Amino acid sequence: MQRTQVAIIGAGPAGLLLGALLHKAGIANTILELHSGEQVLARVRAGILERGSAELLDEAGVGRRMRAEGLIHEGIQLSFGGQRQRIDLQGLTGQSVLVYGQNELCRDLMDDRKAAGLTTHYEARHVSLHGLGEPRVVVRYQHLGQARELACDYIAGCDGFHGVSRAGLPASAYHSYERGYPFGWLGVLADTRPPADELVYAQHERGFALCSMRSRTRVRCYIQCSLSDRLESWSDARFWRELKSRLDPVTAAALEPAPSLEKSIAPLRSYVTEPLRFGRLFLAGDAGHLVPPTGAKGLNLAASDVRYLARALTEHYRDRSDAGLARYSEQALRRVWRAERFSWSLTRLLHNFPDHNGFDQRIQQADLDYLMSSRAAQTVLAENYVGLPLTE
Ligand code: RFL
Ligand code: PHB
């Protein structure tokens, strides 16, 4: 039987970052990941880091490439009614955000973990958790066809929305709150120049669109699509045509189509599990909650959960105090719910809801109109977008 202090399920950003922070604090940890490292790195997902998330990566000792290659963005652009208008994040809040791909961040964390000689078992199948209410927990899994066991003090469930950590709990152990949306996002990654220096979020009668980027030569663009849409029916040509049709003329003219490097469809969902602790199991990141990507909050919430959890585990081992562990769920959920509220409201502001009537559409227009005419309303958006402060 192998033994560690903290077993981490999942090598996404939450699991890898937690592993790095625990290692810095001298706490032994082992990660079990369902997929191969290459598969984890092949997923194209988030791109925007709040200051607090970037600082946490510095604290974990893996911020060097992010600081060198990440793009600092001091504003975002809103495109609607044929025009583009700027929200001055820096001017309104004194803060900016960093554009740095989630897979680059995972690569940095994986390289660092390897260099430090820490154990990660990739392709760990059939993970199951045992004895969550007892002093010593055991994780069973299969690796290369062999049954294995890992004994530990605590388990961090960082295995995303479809993971086993939450799924293995009895339904009576937690409550979930959920809101589905009647649409998804179709995303394309392509090597072409971004049509603007900043991200462009577009509200249009044909549906939402977003021009994001990974570098000055690589874009990540999204359009709102129907839940029944299939990738096969979206040729590159059709995607770029549809995207342009939803943008203001200046942005549309600056966008040069290029072959897609990756194309995927993601449904949008809001979801929260309460609590985030079950005996010796703690959920962090998408394993405990989901937000629609409109507010760019998912990865940043994973980082703030992990920050609270790493501090609580450090207090446990270093100071022999369980106060942080007792507070974890409540503390993390408070920040989660604020991000849920923001992500939901930005989704509502910018998307086309098929069941909305003329009244709802006029309210949406009035919301945008008010936003662009009120510094107070812009400050509300900006302070949420750059990230609300972390409570101690
Ligand atoms: P992940 O990234 O899903 O990682 C979970 C890991 O657990 C593994 N796993 C298992 N391992 C062992 N046993 C099992 N049974 C397992 N089941 C699963 C998985 O293989 C995986 O490696 O969760 P984590 O670490 O909590 O990270 C969360 C973020 O990935 C997510 O919140 C963001 O990508 C959300 N998101 C965005 N967040 C932002 O902060 N800013 C953004 O700009 C942003 N853009 C986005 C996004 C998500 C998107 N999609 C796909 C909905 C854009 C999109 C399109
Ligand atoms: C991205 O770059 O993938 C991205 C950026 C901002 C969002 C969502 C996704 O709100």
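In each ligand, atom 1 is the first atom listed, and ligand 1 is the first ligand listed. The model shown is predicted, which means the values in this text are computed figures rather than measured ones.
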_Suppose we screen for ring-ring contact (aromatic ring centres under 6.0 Å, His included). Which residues come up paired with H143, at least two apart in sequence or across chains?_
H121
_Protein heavy-atom partner closest to atom 27 (O) of ligand 1 - residue, atom, separation in Å_ = P13 CG, 3.4 Å
_For atom 26 (O) of ligand 1, the protein heavy atom that lies nearest, with its residue and separation_ = D286 N, 2.9 Å
*Should you measure from each heavy atom of G12, which atoms of ligand 1 turn up under 4.0 Å away?*
4 (O), 6 (C), 22 (O), 25 (O)
*Partner set under ring-ring contact (aromatic ring centres under 6.0 Å, His included) for Y328, not counting sequence neighbours*: F282
*asked:* When you measure from the side chain of D360 to the backbone of N357, do you find a donor-acceptor pair of N or O atoms at a distance under 3.5 Å?
replied: yes
*For atom 1 (P) of ligand 1, what is the nearest protein heavy atom, given as residue, atom name and distance?*
R45 NH1, 3.4 Å
*Parallel, tilted or perpendicular: ring planes of Y222 versus W185, cut at 30 and 60 degrees*: tilted
*asked:* Return the closest protein heavy atom for atom 8 (C) of ligand 1 as residue, atom name and distance.
replied: E33 OE1, 3.2 Å
*Starting from atom 33 (C) of ligand 1, which protein heavy atom do you reach first, and at what distance in Å?*
Q102 OE1, 3.5 Å
_Please report whether the ring centroid of H289 lies less than 6.0 Å from that of F161._
no
*Give the protein residues with at least one non-hydrogen atom closer than 4.0 Å to an atom of ligand 2, ordered by chain and number.*
R45, G47, I48, W185, L199, Y201, L210, S212, R214, R220, Y222, P293, T294, A296
*Name the closest protein heavy atom to atom 15 (N) of ligand 1, giving the residue it belongs to and the distance to 0.1 Å.*
V164 CG1, 3.4 Å
_I need the atoms of ligand 1 closer than 4.0 Å to a non-hydrogen atom of A296, numbered in the order shown._
39 (C), 40 (O), 41 (N), 42 (C), 43 (O)
_Cluster companions of V138 among Ile, Leu, Val, Met, Phe, Trp, Tyr (side-chain spacing under 4.5 Å)_ = M1
*Do the ring centers of H204 and F80 come within less than 6.0 Å of each other?*
no
*atom 38 (N) of ligand 1: which protein heavy atom is closest, and how many Å away?*
L299 N, 2.9 Å
*Taking only heavy atoms of G160, which atoms of ligand 1 are found under 4.0 Å from at least one of them?*
3 (O), 5 (C), 23 (O)
*Candidate with minimal heavy-atom separation from atom 45 (N) of ligand 1, of A46, A339, G15*: A46
*With a 4.0 Å cut-off on heavy atoms, does R43 reach ligand 1?*
yes
*Looking at W344, is R341 sitting on its ring face, NZ or CZ under 6.0 Å from the six-membered ring centre and within 45 degrees of the normal?*
no
*May I ask you to check if R277 and Y174 form a cation-pi contact, with NZ or CZ under 6.0 angstrom from the six-membered ring centre and within 45° of the axis?*
no
*Just by modelled atom types, is the L371 backbone N or O under 3.5 Å from a matching donor or acceptor in the Q378 side chain?*
yes
*Answer side chain, backbone, both or neither: which part of L49 comes under 4.0 Å from ligand 1, heavy atoms only.*
neither
*asked:* I'd like to know whether ligand 1 has Y222 as a neighbour, heavy-atom separation below 4.0 Å.
replied: yes
_Test item, C158 contacting ligand 1 (heavy atom, 4.0 angstrom)_ = yes
